[in-house]
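For reference, the structure is listed below as structure tokens.
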Amino acid sequence: MTGRTAPQPLDTMHDTHPTTTEQTEFSIRAFRGIEVGLGQADPVAAIAAKLEAQHPGHLILVQAGKFLHGYDRSAYALNILKRYKLKLVGTATDPHLRVGFPAGNFKRRLWPMVAEFGIPYVVALGTQANGHTVYVSEQPSGNASVLATVTDELIRDTIADLRQRGELNKAAAKHLLTNPDTAGFKLKSHAQDLDTVLLQDVIKMPRDVRTTYGETLRATMARIMRAVFAFGLEENKPALLRALSADVDLLKHYLTQAPRLSPLKLNFEHRAGSAVELGRLVGGLLKAQQVQP
């Protein structure tokens, strides 16, 4: 299969490709596509890998149908920088991280992010049948070192984490079907979501804030997560819940400090609301154990 520049059969494709004015404004060049190869478990991932090899340090996005997909290093970066949801795709022996968003509005999504973070990018638009046109940004100020921080080991660890979460989610789903709407399941699910968004917040903090305020948040959240996962097998559940309640209150206290830290960009209201809901779930479990909070 040979990628090549070709007329797009749909009018929406013409709207998707950068205009001449946009190519000039954003320093983009277009060139012929690349050899895709046969027998790949995920041909779009194979295209992305070849483009990444040709353009190291670039954010790589490849069109597949009506969506643009980023894989592995690019997917991880988009997850951290823009909170796009990571998905595990491919086979058991050839797994990949992937994010995606509609190709029709990629300019509105991509270019503001490029301007904010200074990451050079490659976008391959088209289809496997008709070929892809590849657009490469050539900003002299492009920060190619950003993606270099996403190591192969980090990608492998993230894939392993998603696999583990998948198994945990399957087990939790079976438990939920036999014990619907249990407070224990809600507690674990809510705590996991809060832990994820706070970790994303800490990663994006300035270094001095991350090593002080961020580490305090992570330490408190780590104690909460340990208690949540220990709850099911804990013999003295009231004592564990009281300690958990104290840590949730401490977390809420730390979150109220966020608005007063001027360099910190944190979605305070959402995080605080999630902490309050977590405290409500803990309080409900305490009452169920016939112990006063």
Side-chain angles (χ1 to χ4, degrees), residues 18 26-28 44-45 48-49 51-52 55-64 67-89 96-125 135-159 161-162 165 192-211 213-215 217-218 221 258 261-271 274:
F26 294 98
S27 303
I28 303 170
V44 181
L51 287 172
E52 182 178 3
H55 305 281
H58 285 60
L59 193 71
I60 310 294
L61 296 169
V62 182
Q63 185 172 5
F67 286 83
L68 279 180
H69 288 157
Y71 290 84
D72 296 330
R73 188 170 280 103
S74 294
Y76 185 89
L78 287 170
N79 170 255
I80 296 299
L81 297 177
K82 300 301 292 184
R83 299 180 185 173
Y84 290 163
K85 185 176 180 179
L86 283 174
K87 185 176 182 180
L88 190 59
V89 298
H96 296 279
L97 302 176
R98 190 182 77 186
V99 299
F101 53 84
N105 62 357
F106 87 92
K107 303 172 189 177
R108 177 177 60 81
R109 292 172 179 263
L110 179 62
W111 288 338
M113 183 186 66
V114 170
E116 180 179 358
F117 299 105
I119 304 175
Y121 64 91
V122 174
V123 177
L125 298 177
Y135 295 93
V136 181
S137 66
E138 294 186 313
Q139 297 97 326
S141 60
N143 188 2
S145 64
V146 173
L147 288 180
T149 62
V150 184
T151 63
D152 292 339
E153 182 180 5
L154 186 56
I155 297 299
R156 288 194 297 269
D157 289 346
T158 305
I159 288 174
D161 181 56
L162 287 177
R165 288 188 195 180
Q192 287 176 313
D193 289 343
L194 181 57
D195 183 55
T196 298
V197 295
L198 284 178
L199 176 59
Q200 292 170 339
D201 289 334
V202 170
I203 289 173
K204 291 186 292 185
M205 289 177 183
R207 184 175 180 180
D208 58 335
V209 178
R210 185 172 65 247
T211 56
Y213 178 79
E215 286 297 324
L217 276 183
R218 288 301 302 157
M221 196 66 215
L261 298 174
S262 56
L264 184 58
K265 294 182 179 179
L266 180 69
N267 190 337
F268 163 73
E269 293 183 356
H270 176 268
R271 308 299 183 257
S274 295

| His96 and Tyr71 aromatic ring geometry - parallel, tilted or perpendicular at 30°/60° bounds | perpendicular

| request: Under the salt bridge (Lys or Arg N to Asp or Glu O under 4.0 Å) rule, collect the residues that match up with Arg156, sequence neighbours excluded. | output: none

| Is the shortest heavy-atom distance from the side chain of Leu217 to the side chain of Arg271 under 4.5 Å? | no

| query | Does any non-hydrogen side-chain atom of Leu51 lie less than 4.5 Å from one of Val136? | reply | no

| message | Between the side chains of Asp201 and Arg83, is the shortest nitrogen-to-carboxylate-oxygen separation below 4.0 Å, so that they form an ion pair? | response | yes

| Nearest heavy-atom pair of Ala64 and Val44: which atoms, and what distance? | CB-CG2, 4.0 Å

| note | Minimal heavy-atom distance between Leu97 and Ile155, with the atoms involved, is CD1-CD1, 4.0 Å

| task | Return yes if some donor-acceptor pair links the side-chain N/O of Ser137 with the main-chain N/O of Tyr121 below 3.5 Å, else return no. | result | yes

| message | Contact between Arg210 and Val202 at the side-chain level, heavy atoms closer than 4.5 Å - yes or no? | response | yes

| task | Report the distance from atom CG of Leu154 to atom OG1 of Thr158, rounding to the nearest 0.5 Å. | result | 4.5 Å

| field | Spacing of CD1 belonging to Ile80 relative to CD1 belonging to Ile203, to within rounding of 0.5 Å | value | 4.0 Å

| note | Sorted by chain and residue number, the salt bridge (Lys or Arg N to Asp or Glu O under 4.0 Å) partners of Arg73 (sequence neighbours excluded) come out as Glu52, Asp152

| query | Rounded to the nearest 0.5 Å, how far does CD1 of Ile60 lie from CG of Leu68? | reply | 12.0 Å

| query | What is the distance from atom CG of Asn79 to atom CZ of Arg98, rounded to the nearest 0.5 Å? | reply | 14.0 Å

| Among all residues two or more places apart in sequence or in another chain, which pass the salt bridge (Lys or Arg N to Asp or Glu O under 4.0 Å) test with Asp157? | none

